[in-house]
Novice: 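One structure is given below, represented as structure tokens, and several questions about it will come after.
Read the numbers this way: they start at 1 and go in the same order the structure lists the ligands and their atoms. Everything numeric in this text was worked out from a predicted model, so none of it was measured.
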Amino acid sequence: MIVSIDDLRQRARRRLPRTVFDYVEGAADDGYTVDANRRGFDRYLFRARALVDVSKVDHSTSLLGEQLATPIILGPTGLAGLLAPRGEELAAKAAASRGAIFTLSTMSIGTIEEVAAAAPSPLWFQLYVWKDRDDTRALVERAKAAGYRALCLTVDVPVMGNREQDRRNGFTLPPRIHFSNVMDVLRHLGWVLRMASSPRATFGNFVDHPSLTRTDAVGIARFTNSQFDASVTWKDVEWLRSIWSGPLVLKGITCAEDARKAVSLGVEALVVSNHGGRQLDFLPGAIDVLPEVVDAVEGRAEVILDGGIRRGSDVVKAIAMGARACMVGRPFLYGLAANGQAGVELALDILCAEMDRTLALLGRPRLAELDRTALRVDAPASLEPARSSARRETSTVTPRVGGTLDT
Ligand SMILES: Cc1cc2nc3c(=O)[nH]c(=O)nc-3n(C[C@H](O)[C@H](O)[C@H](O)COP(=O)(O)O)c2cc1C
């Protein structure tokens with residue numbers, strides 16, 4: 001029976017080949033930050049008010065001028081289409097059915113246009129600035145033409161994080177069967193059969209790129225890996241600001257200085273994020289950084305918390321600390337792997353029901369009116385052992401040198 005995000009995770013784990021599940025769980029280096037994202041929430045305890053009429057609870061919010069049924073945003077996740085055929089389209093439809101925003105990754109399997117055609121939901125497009133700025137501009141123009149509402153620039157991938165488990169697993173695109181994973185794949189024939197109906201197993205946004213020397217999945221993967229640019233700076237943010245007239249969102253902000261700089265360049269929203277612990281290890285948990293960023297922007301930009309949300313109560317804590325909304329990555333991917341669109345809808349329903357129950361028990365029926373008085377922010381850091389650890393739970397298969405494809 002599935003009643004929690006963790007139940008969805010267990011189901012996803014059973015349905016996916018280990019190599020693919022490990023890719024979803026993947027964390028950089030020692031996994032300190034992925035654990036800190038969860039542990040951080042334990043530092044914040046509630047201050048509940050009694051005898052408040054909570055017969056009507058409202059978790060709607062507004063973000064970048066739009067009224068939203070829920071403060072939960074499905075964050076950008078590369079290769080979501082490896083978890084279910086047309087995975088990005090299914091997740092975007094699930095978001096639309098629950099009034100949530102879906103963010104399409106540059107590194108998606110479904111294309112910008114396919115996902116826009118599939119879902120009427122408010123869509124955001126997540127961008128990596130490519131070495132070739134004309135290619136970058138082309139992505140921005142495609143997103144604009146397809147009706148994406150906001151451009152979400154990810155700023156925490158100047159180089160790829162070190163996800164050792166993917167390297168040990170020889171995680172490649174297209175997924176390849178080799179000696180060390182053949183039994184694993186055979187145990188998941190259901191996934192193999194489902195994926196056989198997938199239109200492709202590569203980065204869809206680049207299949208027609210004119211400079212591809214090889215148009216198969218390996219050639220496209222090589223091309224995209226070669227396009228990540230370590231020289232991206234604030235000048236590129238200014239440039240994007242000049243070519244994108246809609247809301248601009250920066251994802252991957254973890255300190256006050258960067259938050260102020262972004263606001264000074266006219267960025268409308270910041271995502272406090274450490275990429276789900278997949279990039280720089282030993283960053284603090286995202287919730288621990290949130291107050292610093294909220295205080296630095298002084299209401300001049302909206303702040304979104306991303307990383308470690310597994311319960312509706314986590315969303316309530318983040319909103320009380322000053323976030324306007326929360327992004328989730330793995331929670332909706334677990335739902336997608338567990339049961340396609342219905343699984344993503346279930347993930348959203350679980351989080352929303354938990355949010356409502358928390359608001360009622362807290363004596364604060366309106367999410368939008370939460371503030372820091374709903375929390376005991378000075379609670380002792382009673383840190384339980386980490387509730388999740390990609391490092392501990394990943395498999396240990398024979399090390400193999402292979403092309404790692406990270407997003
Ligand atoms: C499998 C996977 C792929 C991801 N790909 C991207 C990506 O392409 N672009 C991006 O900005 N963030 C990417 N992320 C990071 C997520 O957007 C988000 O920051 C992170 O998952 C939040 O942590 P959570 O999984 O604990 O919710 C990815 C995360 C996962 C788990």
Novice: Just one of Arg9, Arg18, Arg13, Arg163 clears the salt bridge (charged side-chain N to carboxylate O under 4.0 Å, His left out) bar with Glu25, so which one?
Specialist: Arg9

Novice: Please confirm whether Arg38 comes under 4.0 Å of ligand 1, counting heavy atoms of the residue only.
Specialist: no

Novice: Tyr128 vs His275 aromatic rings, parallel, tilted or perpendicular, using cut-offs 30° and 60°?
Specialist: parallel

Novice: Honestly, is Lys317 close enough over Phe46, meaning NZ or CZ under 6.0 Å from the six-membered ring centre and within 45° of the axis?
Specialist: yes

Novice: Can you sort out which atoms of ligand 1 are near Val24, meaning under 4.0 Å from one of its heavy atoms?
Specialist: 1 (C), 31 (C)

Novice: Any Lys/Arg nitrogen of Glu164 or Arg168 sitting under 4.0 Å from an Asp/Glu carboxylate oxygen of the other?
Specialist: yes

Novice: How does Gln126 reach ligand 1, if at all, at less than 4.0 Å between non-hydrogen atoms: by side chain, backbone, both, or neither?
Specialist: side chain

Novice: Any atom of ligand 1 sitting under 4.0 Å from a heavy atom of Leu79?
Specialist: no

Novice: Within a distance under 4.0 Å of any heavy atom of Thr154, pick out the atoms of ligand 1 and give their elements.
Specialist: 10 (C), 11 (O)

Novice: Does the salt bridge (Lys or Arg N to Asp or Glu O under 4.0 Å) test come out yes or no for Glu268 and Arg241, once each step is laid out?
Specialist: CA-CA 10 Å; Glu268 282 93 348; Arg241 180 72 289 176; 2.8 Å; yes

Novice: Quick check on contacts: which atoms of ligand 1 are under 4.0 angstrom from a heavy atom of Gly329?
Specialist: 21 (O), 24 (P), 25 (O), 27 (O)

Novice: For Arg310, take its heavy atoms, then give the atoms of ligand 1 lying under 4.0 Å from any of them.
Specialist: 24 (P), 25 (O), 26 (O), 27 (O)

Novice: Below a 4.0 angstrom heavy-atom separation, can you tell me which part of Pro331, side chain or backbone, both or neither, approaches ligand 1?
Specialist: side chain

Novice: Among Pro76, Cys326, Gly26, which one has a heavy atom closest to atom 16 (C) of ligand 1?
Specialist: Pro76

Novice: At a 4.0 Å threshold, what atoms of ligand 1 neighbour a non-hydrogen atom of Gly78?
Specialist: 3 (C), 4 (C), 5 (N), 6 (C), 7 (C), 8 (O)

Novice: Is any NZ, NE, NH1 or NH2 atom of the basic residue among Arg11 and Asp6 found under 4.0 Å from an Asp or Glu carboxylate oxygen of the other?
Specialist: no

Novice: Over all heavy atoms of both residues, which pair between Val54 and Arg364 is shortest? Give the atoms and the distance, please.
Specialist: CG1-N, 4.4 Å

Novice: Atom CG in Asp132, atom CG in Asp229: separation rounded to 0.5 Å?
Specialist: 10.0 Å

Novice: With heavy atoms of Val328 as the reference, note each atom of ligand 1 found under 4.0 Å away.
Specialist: 27 (O)

Novice: Would you say Arg330 and ligand 1 have an N/O pair spaced under 3.5 Å apart?
Specialist: yes

Novice: Which ligand 1 atoms, with their elements, are less than 4.0 angstrom from a heavy-atom of Tyr23?
Specialist: 1 (C), 3 (C)

Novice: For Arg200, check salt bridge (Lys or Arg N to Asp or Glu O under 4.0 Å) against everything at least two apart and list the hits.
Specialist: Glu114

Novice: Could you list all the ring pair (Phe, Tyr, Trp, His ring centres under 6.0 Å) pairs where at least one residue sits in residues 281-336, not counting sequence neighbours?
Specialist: Tyr32-Phe282

Novice: Under 4.0 Å from a heavy atom of Lys251: give me the atoms of ligand 1 that qualify, with their elements.
Specialist: 10 (C), 11 (O), 12 (N), 15 (C), 16 (C), 17 (O), 18 (C), 19 (O)

Novice: For Pro85 and Leu90, which heavy atoms make the closest approach, and how far apart are they?
Specialist: O-CD1, 3.6 Å

Novice: Between Ser105 and ligand 1, which residue portion shows a heavy-atom distance shorter than 4.0 Å: side chain, backbone, both, or neither?
Specialist: side chain

Novice: Checking contacts here: is it the side chain or the backbone of Asn37 that comes within 4.0 Å of ligand 1, counting heavy atoms only? Could be both or neither.
Specialist: neither

Novice: Which is closest to atom 2 (C) of ligand 1 by heavy-atom distance: Arg163, Met107, His275, Arg278?
Specialist: Arg278

Novice: Just go through Leu127, Ile5, Asp306 and tell me whose heavy atom is the nearest to atom 22 (C) of ligand 1.
Specialist: Asp306

